Amino acid sequence: MLNKNINKFFATILCLLFVATNTVFAIEGYSEVIEETSNIISFPENTVKGKIDFSIEGNTGVNILGKGYADYDKMYDFDAFYMGDGYAKITMDGTYKNTFFKFSDHPVKSNTQYTVFAEVRKNTSNGLFVLVDSHSSSAFTSEAIIDAGETGIFKFLRTTKSDLTGITVTMRSWNNLSSTLGEIELRVMLLEGDWTNKEISYFEGVQGAKVHNVKILTKNLIPSVQIGNIGSDGTMLSDYNHSIYTGLTEIKPNTEYISSFNNEIYKTSALYITTYDADLNIIRPRTALTGTKKFTSLNNEKYVRLYAYNVKNNLVALTQAELDNLNVMLVEGSTAPIEYIQYQEHTENIGVELHGINGIHDTFEGNTVKRRIKEHTITAEDFATMYTGFTHYDLAQTNVNLLNGFKEPTDNNVLENTTLIQGYNRGVLNDRGISGKTNYYYVTIEGRIDFLFPKGTTIDQAKTLLVGTKILYVAKEQYHETQQLILPSIIAEPNGTMIIDNSTKFAAMYTDGLTIENKDLPIEHVEKVYKIKDGIKTAIDLNNVKVEGGQVITIAGAINGEIYEVSYKFPSQLTTTPTIKYSVPINMQGQINGNLEIVENNNKLMQEIKNRLQILRQQMGL
């Protein structure tokens with residue numbers, strides 16, 4: 001009992017020591033509240049070092065096309081080849097090649113704006129491709145066209161027709177007959193609302209915002225350099241011990257950057273960049289920067305490496321001291337700082353996962369998540385009976401009560417519009433059985449979920465189809481649960497950068513490898529690996545690190561029983577970019593305000609610790 005009390009006490013202390021409150025406000029000494037939808041935020045020039053106050057709103061997306069081209073059974077026409085990872089290939093030969101999404105499986109609202117998203121990775125076609133058209137059978141009022149040879153990410157804002165009666169196709173895509181040669185490879189999404197000015201990556205089905213790291217950097221974005229070479233095709237080589245390259249640096253799209261080397265050896269260097277998209281595909285292979293050493297990132301560029309070739313001493317190997325003294329900078333903007341800015345990084349792992357459906361969002365304010373979505377996975381025990389009273393259809397009635405635990409359980413006006421079951425369309429309760437469509441579900445006034453099936457379907461067949469299916473739903477706002485989170489204080493850096501990161505970290509004992517803790521967040525690429533011994537962290541060369549299947553990490557020379565800490569990126573497709581609202585200190589008063597709040601919080605925590613310590617002493621009879 002004594003050990004249990006001690007363990008409990010120290011667990012409490014660890015939690016309390018990390019708790020702090022962040023709430024967006026604009027008071028004396030702070031900037032006005034700024035709202036961003038980019039995951040990379042540049043602080044105002046007048047920012048001083050001090051506490052940031054911010055909130056995060058999960059901007060969840062629902063891809064109305066579901067699994068898109070991967071689910072071609074739900075398309076009227078699919079004159080294409082599915083390639084995997086969401087991509088379809090359409091080969092041009094002067095005839096129509098159609099990819100039509102059925103309206104019955106991908107319904108949209110009338111007179112509503114939608115963003116049509118297309119990611120084109122290859123386009124050798126000699127004619128145009130109509131991504132959306134306004135045919136009488138289509139849901140949209142105007143076209144969206146991709147011209148011959150165009151690649152990249154395209155976002156079109158289009159409006160649906162005011163009357164969707166008789167519409168059979170949600171999105172109707174085809175190639176013009178002028179397309180006689182070549183092929184196009186693309187993947188597509190359809191999102192309700194205007195997403196054209198928001199950073200977004202391809203995803204299937206329902207996607208929420210996962211915010212694991214808040215990273216604060218100085219204005220200089222380059223942490224270190226390595227000896228080596230980048231080939232003309234952008235691949236990494238190691239045969240030039242007098243040349244250097246940097247690690248992957250995250251950058252904003254369509255933004256100007258300038259680099260500098262404040263070092264005698266590299267003042268006359270030829271400087272190159274290699275850029276990558278979110279999936280680490282090379283966009284620009286080794287590309288020379290001339291004169292000012294500036295470049296502007298493209299709309300699909302996510303990462304950059306710098307490479308410097310020493311033309312002055314091209315046969316001289318670099319010593320370790322010279323490597324350590326290479327002052328390399330990359331900063332946002334068109335003017336390089338006069339003085340070298342030392343790279344500094346502070347990362348806080350907060351592990352927030354925000355979700356929302358049909359316009360209902362989670363909001364992260366302070367250390368509270370509001371509007372938490374509830375989730376229920378259907379089991380065999382959830383089925384009550386099969387109602388056979390309809391002429392052509394049967395209704396599987398469940399005993400799932402989505403309003404269980406909420407006040408006023410008969411008030412269903414919000415549930416009707418915020419329930420989502422992937423793979424099933426939501427029907428209107430008073431039209432049940434009239435539309436003559438299967439694959440629909442209905443929410444009763446009591447909060448029960450029912451499913452419509454073809455006539456003759458048995459309850460056992462319904463169970464086979466539905467067991468394991470997830471129901472997502474939100475009740476009225478005043479009934480939402482809240483979840484308290486451990487949230488550290490985030491400190492601004494003058495001229496700094498804040499990155500809301502799709503990365504996470506874990507520590508584990510090496511046992512023929514390191515296995516990640518969260519299987520839902522597979523490894524896209526490893527950022528850092530440290531060996532931990534006697535409280536000391538030693539960096540591991542990433543050339544000695546390999547990833548197997550996105551789940552397991554092996555390290556050359558590692559011994560079973562050793563402890564390692566790994567930081568890694570998970571795929572950006574697993575998350576949409578949240579909306580960030582923040583305010584930063586801009587003068588001494590703001591810095592004092594932030595510091596005073598931290599001190600006040602710490603005083604409260606210390607008092608709480610003292611109180612709990614006194615209780616523990618009493619329990620222990622001390």
Side-chain angles (χ1 to χ4, degrees), residues 39 84-85 201-203 207-215 217 221-231 234-238 245-251 274-282 302-305 343 345-353 486 499-575:
N39 74 309
D85 198 23
S201 298
Y202 175 81
F203 64 88
Q207 192 61 72
K210 296 179 176 68
V211 181
H212 279 254
N213 285 343
V214 176
K215 184 184 296 182
L217 309 178
L221 303 177
I222 300 297
S224 61
V225 294
Q226 303 171 61
I227 296 174
N229 183 25
I230 296 180
T235 57
M236 307 304 300
L237 307 173
S238 58
Y245 65 90
T246 67
L248 288 172
T249 295
E250 190 168 355
I251 53 176
T274 298
T275 62
Y276 308 80
D277 65 12
D279 298 318
L280 297 182
N281 299 309
I282 294 174
K302 182 77 170 177
Y303 302 101
V304 66
R305 289 186 195 271
Y343 174 88
E345 174 188 324
H346 176 73
T347 300
E348 294 286 359
N349 186 286
I350 59 176
V352 180
E353 299 194 13
I486 296 174
I499 300 178
I500 310 300
D501 218 359
N502 60 307
S503 64
T504 188
K505 67 179 179 181
F506 70 98
M509 179 184 294
Y510 198 87
T511 309
D512 297 327
L514 302 168
T515 302
I516 64 174
E517 296 174 335
N518 189 344
K519 300 295 190 296
D520 294 329
L521 300 178
I523 300 169
E524 181 178 72
H525 70 267
V526 174
E527 294 185 301
K528 299 173 185 175
V529 178
Y530 294 100
K531 180 180 177 181
I532 303 176
K533 184 177 182 180
D534 299 328
I536 298 174
K537 290 184 178 182
T538 304
I540 301 298
D541 187 341
L542 294 184
N543 290 321
N544 295 324
V545 176
K546 292 184 179 180
V547 178
E548 300 175 1
Q551 305 282 335
V552 179
I553 296 167
T554 57
I555 304 170
I559 300 173
N560 286 346
E562 294 176 335
I563 304 298
Y564 290 87
E565 180 185 273
V566 179
S567 297
Y568 70 90
K569 288 267 190 180
F570 54 83
S572 59
Q573 292 92 334
L574 295 179
T575 182

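Sequence positions, counted from 1, serve as the residue numbers for this chain. Values below: all heavy atoms of this structure, side chains included; hydrogens, waters and symmetry mates excluded. None of these values were measured; they are calculated from a predicted model.
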Q | Neighbour count above 12 (heavy atom, 6.0 Å) for Y343 OH | A |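 For Y343, atom OH is crowded (more than 12 foreign heavy atoms under 6.0 Å).
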
(Q) Would you say that more than 12 heavy atoms from the other residues, nucleotides or ligands in this model lie under 6.0 Å from the NZ of K505, or not? (A)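 Counting neighbours around NZ of K505, 12 or fewer heavy atoms of other residues, nucleotides or ligands fall under 6.0 Å, so no.
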
[atom2] on [Y] to [atom1] on [X], rounded to 0.5 Å:
X    : Y    : atom1 : atom2 : answer
E527 : K215 : CD    : NZ    : 4.5 Å
L514 : E565 : CG    : CD    : 11.5 Å
L217 : I222 : CG    : CD1   : 10.5 Å
Y276 : T249 : OH    : OG1   : 10.5 Å
E562 : M509 : CD    : CE    : 10.5 Å

A side-chain contact here means heavy atoms from C-beta on lying under 4.5 Å apart; do [X] and [Y] qualify?
X    : Y    : result
I516 : L521 : no
E345 : P223 : no
D501 : H212 : no
V529 : Y568 : no
L280 : L248 : yes
I500 : V214 : yes

Q.
Is it the case that the side chains of N213 and T347 hold a donor-acceptor pair, with the cut-off being a distance below 3.5 Å and no angle test?
A.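 No donor-acceptor contact under 3.5 Å links the two side chains.
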
Q | No-hydrogen, no-angle side-chain donor-acceptor test under 3.5 Å, E250 and N39 | A |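 Their side chains do contain a donor-acceptor pair, which is all the 3.5 Å distance test asks for.
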
Q: State yes or no: are the ring centers of Y303 and H525 separated by less than 6.0 Å?
A: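 Yes - the distance between ring centres of Y303 and H525 falls below the 6.0 Å cut-off.
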
Show the nearest heavy-atom pair for residues [X] and [Y], with the distance to one decimal.
X    : Y    : answer
Y510 : I559 : CB-O, 3.8 Å
D512 : N560 : N-OD1, 2.7 Å
F570 : T575 : CE1-CG2, 4.3 Å
P522 : Q551 : CB-NE2, 4.3 Å

Q | Given I555, I553, T538, I532, the one that forms side-chain contact (heavy atoms from CB on, under 4.5 Å) with Y564 | A |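 For Y564, the side-chain contact (heavy atoms from CB on, under 4.5 Å) test succeeds with only one of I555, I553, T538, I532, which is I555.
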
